[in-house]
Amino acid sequence: MSETKSGFGKGCHLHLIDGSGFIFRAYHALPPLTRKSDGAPIGAVSGFCNMLHRYVEGNTGPDAPTHVCVVFDKSGHTFRNDLYDLYKANREAMPEDLRPQIPLTRRATEAFNIACKELQGYEADDIIATLACQAREAGGRVTIISSDKDLMQLVGGGVEMLDAMKNVRIDHEGVEAKFGVGPERVVDVQALAGDSVDNVPGAPGIGIKTAALLINEWGDLETLLDNAEKIKQPKRRQTLIDNRAQIELSKKLVQLDCNTPLDFTLDDLEVRDPEPEVLLGFLAEMEFRTLTKRLAEQMGAAAPEIDDTPSQPAAQEAPEQPAIDTASYQMVSDAETLQAWIERIRERGYVAVDTETTGLDEMVVDLVGICLATDPGQACYIPLAHKAEGGEGLFASDDLAPGQMPLDAALKMLKPVLEDGSILKIGQNMKYDAKILKRYGIDVAPFDDTMLISYALNAGLHTHGMDALSERYLGHVPIPTKELLGSGKSQITFDLVPLDKATAYGAEDADVTLRLWQVLKPRLHREKVATVYETLERPLAPVLAEMEMHGIKVDRDTLSRMSNAFAQKMAGLEAEIHELAGETFNVGSPKQLGEILFDKMSLPGGKKGKTGAYATGADILEDLATEHELPGRVLDWRALSKLKSTYTDALQEHINPDTGRVHTSYLQTGANTGRLSSTDPNVQNIPVRSEEGRRIREAFIADQGKTLVSLDYSQIELRILAHVARIDSLKQAFHEGQDIHAATASEVFGVPLDQMTPEIRRQAKAINFGVIYGISGFGLARNLRIPRAEAQGFIDRYFERFPGIREYMDQTVAFGQEHLFVQTLFGRKIHTPEIAAKGPRAGFAKRAAINAPIQGTAADIIRRAMIRMPEAIAGIPAKMLLQVHDELVFEVDKGAEEALIKAARDVMENAAEPAIHLDVPLVVDAGQGANWAEAH
DNA sequence: CCTGTCACG
DNA sequence: GACGTACGTGACAGGG
């Protein structure tokens, strides 16, 4: 190989900085500082910047580096977890106020104009090892700035370590002093001694001292293990023989990988001076007064103004933003213009993104254009697949409209930006855009989502759609979709919209999204829901996207056969009903049915609602069934009609022709409590309670060679109630694995468990549910169909027996009245403004306030499980398909069922930890089968 | 578009 | 003392 003239080589000196080490030192060295303007935690960033500054200042003289790089860990799964799933398993979770600071330390590094590297699937140590090896081979010098002893194996041949805090250099001798062996044998000692911090097992009972002794005696680990029988000390001998596999595994875990696949070379790491404007801009943004001033002086630049006045709510927040003007947006038609936008995005570090498509079903529609915004008022639209006008009348041409970039070329330019880990993509309902772009080969990350931010802030106060948010927070009504596409029969798709109108509409969406983000994002910290957003909302979106795109297989023939059978039965029932009524009428019309029942037939109990129509709900018809045959027939007809229209017919329409599967959409912000909702189709209300309905689940099947597995939390809400209301007897019943409804019945009605009857248990079960819903005598009476006084007696006895529950309810309502919101155990806020109302509305709000922390905590727990699930089952050929509030449905290769159940159950049962330790165990039941009916 | 009804947790 | 009441959802049909 020939020497390039400016390449890294002899005379060069590479500094490799362990970024994570810097961050943790900075975090622990400083008090929990917050940024003055918005309260964001900033202590670790401050310490990190000071350390970088001190480091840069010290880089003078003959020891100064020619090349430098800060290396970070990329969170998540590494190849070591594939070797040993417990690797680093007893690491404590990252402190919640540190997590949001990590991306800022990356930005800080870049602001100092120092190369900043990380790699998915590898630890920082491996990247450092690879770079150190490359530099050593090239004949250069290397200094690793870290105090991590794992890196000592790299020392030697021009590689040294530097503990920046103690300012101690560690060379060959230093390593020997620490490990008792030279760097080349450090891994052998570590393999034997293990490491409790990283959870490397090693050989039990052997520490560094003994390990070094053994290695020095036998030369290396392999020789030692091959000759283990010859060791004199019986205990040591036995340990080495018994644990050989574990020791060999440990060596693989501690051995750093010098061949990580890097997409850059040493030459990319050359030392560069910081750009004063960029660095000072960043420091000012962080509101570091002292450091900004000092560096401005050193660089001979003007210190930027720091505005750290705490932002006031409402109008003052964004005082001088340009008005939203759709005429100012730019249409991007060529690569040069797009390149200019990309450069602006890279400068900014973030961009609002919106995609325009031919419809709403992300699994079917085509991408039509992409909108970007970098600053308020600075937005563009990139049309990519608009159809040319022309053709006759409604028939549009198949040709593309002129003035558009080729779709492939535009995506090729945008992909690196959309996937760049250092550029934040901002969207409104980003899951939608991410799914679309995923189908075009682009994995959008990282991202923020204004819809999710709004939900974390204001669940219960208002909805979180863009139009509503824009009107509320920006005082601006965006161009209505209707205006652009029309509605009803004459509605057109976006690809038929003229380019100028599409630009106004699309770019406006991106502009509005960016402005919303600027208004809402800072509020997360102020409202103390940043953790909710960052741990329960944002990371769930990609998990849901994955589930939705995978879908579940649904068998059309099964549904079709059932539809036919239902139709036949309904026709028979309809004839009977008309016969009984003495005339034909529309059985499906509650209005006509009410008139038949109560006017023509004069049955008792006719009550008119507010619209003047008779009520004909199931409860009323059930009461009437004792009087006449007709109501019972109508109930049967309604049951079949429901199953047919909502399930056996409608589900067939939702089978995707390409995949043969049904792809639901989960709405993360639909339910105020933190629950998900599911649409198109709703997979969370597939029948299960009636035998006939349950058969619909037989149509939800596993693919060839696979099995459906269902895992569901047992009684999760009652367990949470026992915890939050601190009911010892309930907690104990759960610890003992008792039937909780029977136990409740026993407590409340004084019936010994061995004399329990199904009827008494049923009543206790109704009370238990009632409690969760904010019980009332009226409600329980109606549910159990017993006199109200009797129901009230049950409730009184229940509260007498469990006084803690009444206290919980009273305290929760009082909290709600004081704050106008209630909270889950994980800090999710559910606003309950109506609790201050007078009249019946307050009653609703009170019951909702009692229920919300319980239902919401359960929702948070399964969210945590879902977020952790992809990593937990990464080694198992399985996919998570569905969530039904307390149930997760998976599809797994035959043979791997038990492995999946073990892994998924573990995640679900421990999902509250470590944030919350419940006083009751969470229990997960599992089932499996060829279809959902069998698995559930 | 609203209401009633009914499917689920 | 009367009022109206179980909590959280989504889909469909009928009818204005």
Side-chain angles (χ1 to χ4, degrees), chain A residues 459-460 487-488 585-594 608-621 634-635 637-651 653-654 664-667 669-690 692-694 696-697 712-713 715-718 721 766-784 788 791 795 809 822 830 832 838-856 858-859 862 882-887 936:
Chain A
S487 66
F585 68 101
N586 186 347
V587 184
S589 162
K591 184 165 170 274
Q592 294 180 32
L593 175 66
K608 293 192 176 180
K610 39 192 163 199
T611 55
Y614 289 110
T616 65
D619 46 350
I620 290 170
L621 296 190
V634 173
L635 283 170
W637 183 91
R638 277 191 184 163
L640 292 172
S641 166
K642 181 78 177 179
L643 294 179
K644 182 170 185 294
S645 66
T646 310
Y647 300 104
T648 56
D649 287 351
L651 271 174
E653 306 295 311
H654 284 288
T664 187
S665 286
Y666 289 102
L667 183 59
T669 58
N672 292 336
T673 53
R675 272 195 181 179
L676 304 177
S677 70
S678 156
T679 61
D680 305 306
N682 182 350
V683 294
Q684 295 182 317
N685 72 346
I686 306 299
V688 70
R689 291 173 188 167
S690 78
E692 209 155 28
R694 186 156 56 237
I696 290 170
R697 294 186 175 221
D712 68 291
Y713 284 107
Q715 307 291 0
I716 187 167
E717 293 191 359
L718 280 174
L721 177 69
I767 301 174
N768 276 334
F769 276 104
V771 166
I772 292 171
Y773 297 152
I775 201 161
S776 77
F778 184 93
L780 184 65
R782 200 172 65 171
N783 189 282
L784 284 176
R788 193 173 158 173
I795 295 171
M809 291 181 155
V822 292
I830 298 108
T832 58
K838 287 187 82 169
R841 296 158 83 88
F844 276 113
K846 277 183 194 174
R847 289 192 296 274
I850 289 166
N851 175 256
I854 301 169
Q855 188 181 112
I862 197 166
L882 304 179
Q883 190 250 42
V884 191
H885 308 308
D886 63 358
E887 174 189 10
H936 185 73

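Note on naming: letters A, B, ... go to the chains in the order of the sequence lines (proteins, then strands), and numbering restarts at 1 for each one.
Spacing between atom CZ of A/Arg847 and atom C1' of C/dT5 amounts to 4 Å, rounded to whole angstrom units. Going from atom CG of A/Leu676 over to atom P of C/dC7 covers 21 Å, rounded to whole Å. Whole-Å rounding puts the A/Asp680 CG to C/dT9 P distance at 17 Å. Residue A/Gln883 contributes atom CD, which lies 12 Å from atom C1' of C/dT9 at whole-angstrom precision. To the nearest angstrom, P of C/dT9 lies 13 Å from CZ of A/Phe844. For the pair A/Phe778 CZ and C/dC7 C1', the computed distance is 16 Å after rounding to whole Å. As rounded to whole Å, 12 Å separates atom P of C/dG16 from atom CG of A/Asn586. A/Lys591 places its NZ atom 8 Å from the C1' atom of C/dG15, with the value rounded to the nearest Å.
Rounding to the nearest 0.5 angstrom, the gap separating the OG1 atom in A/Thr679 from the OH atom in A/Tyr666 is 10.0 Å. Here the OG1 atom belonging to A/Thr648 is positioned 6.0 Å from the NZ atom belonging to A/Lys644, to the nearest 0.5 angstrom.
At a threshold of 4.0 angstrom between heavy atoms, the contacts of A/Ala858 with the nucleic acid are absent. Within the nucleic acid shown, A/Ala766 comes within 4.0 Å of at least one base atom, counting heavy atoms only. At a threshold of 4.0 angstrom between heavy atoms, the contacts of A/Gly777 with the nucleic acid are absent. Here A/Gly843 lies out of heavy-atom contact (under 4.0 Å) with every strand.
The phosphate of C/dA6 (OP1 or OP2) has a side-chain N or O of A/Arg782 nearer than 4.0 angstrom.
Remark: the separation of the P atoms in C/dC3 and B/dC6 is 27 Å, to the nearest Å. Atom name P, nucleotides B/dT5 and C/dA6: the rounded distance is 14 Å, in whole Å.
Taking all atoms of both residues into account, the shortest heavy-atom contact from A/Pro687 to A/Leu643 is CG-CD2, 3.6 Å.
Proximity note for A/Ser776 (side chain, C-beta onward) versus C/dA11, C/dG8, C/dT5: the nearest is C/dT5.
Residues satisfying the salt bridge (charged side-chain N to carboxylate O under 4.0 Å, His left out) criterion with A/Asp680, sequence neighbours excluded, are absent altogether.
Distance alone, capped at 3.5 Å, is enough to place a donor-acceptor pair between the A/Ser678 side chain and the A/Val683 backbone. Side-chain atoms of A/Asn672 do not come within 3.5 Å of backbone N or O of A/Ala459 as any donor-acceptor pair.
A donor-acceptor contact under 3.5 Å is formed by the side chain of A/Arg788 with the base of C/dT5.
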What's touching nucleotides 5-9 of chain B from the protein side, N or O pairs under 3.5 Å?
unit_1, atom_1, unit_2, atom_2, d
B/dT5, OP1, A/Thr616, N, 2.6
B/dT5, OP1, A/Thr616, OG1, 2.7
B/dT5, OP1, A/Gly617, N, 3.3
B/dT5, O3', A/Arg638, NH1, 3.2
B/dC6, OP1, A/Arg638, NH1, 3.0
B/dC6, OP2, A/Ala618, N, 2.8
B/dC6, O2, A/Lys642, NZ, 2.8
B/dA7, N3, A/Asn685, ND2, 3.0
B/dC8, OP1, A/Val688, N, 2.6
B/dC8, OP1, A/Arg689, N, 2.6
B/dG9, OP2, A/Arg689, NE, 3.4
B/dG9, O3', A/Asp886, OD1, 2.8
B/dG9, O3', A/Asp886, OD2, 3.0
B/dG9, N7, A/Arg689, NH2, 3.0
B/dG9, N2, A/Arg675, NH1, 3.2
B/dG9, N2, A/Gln855, NE2, 3.3
B/dG9, N3, A/Arg675, NH1, 3.0
B/dG9, N3, A/Arg675, NH2, 3.2

Which nucleotides of DNA chain C pair, in dot-bracket form (Watson-Crick or G-U under 3.5 Å, | meaning another strand): ......|||||||||.
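Between the side chains of A/His936 and A/Glu887, at least one donor-acceptor pair of N or O atoms lies under 3.5 Å. A/Thr616 and A/Arg638 share a donor-acceptor pair across their side chains, judged by distance under 3.5 Å alone.
Figure legend: A/Arg847 and A/Phe844 shown as a cation-pi pair, the cationic atom lying under 6.0 angstrom from the six-membered ring centre and within 45 degrees of its axis.
A salt bridge links A/Glu717 to A/Arg675: one of the charged nitrogens lies within less than 4.0 Å of a carboxylate oxygen.
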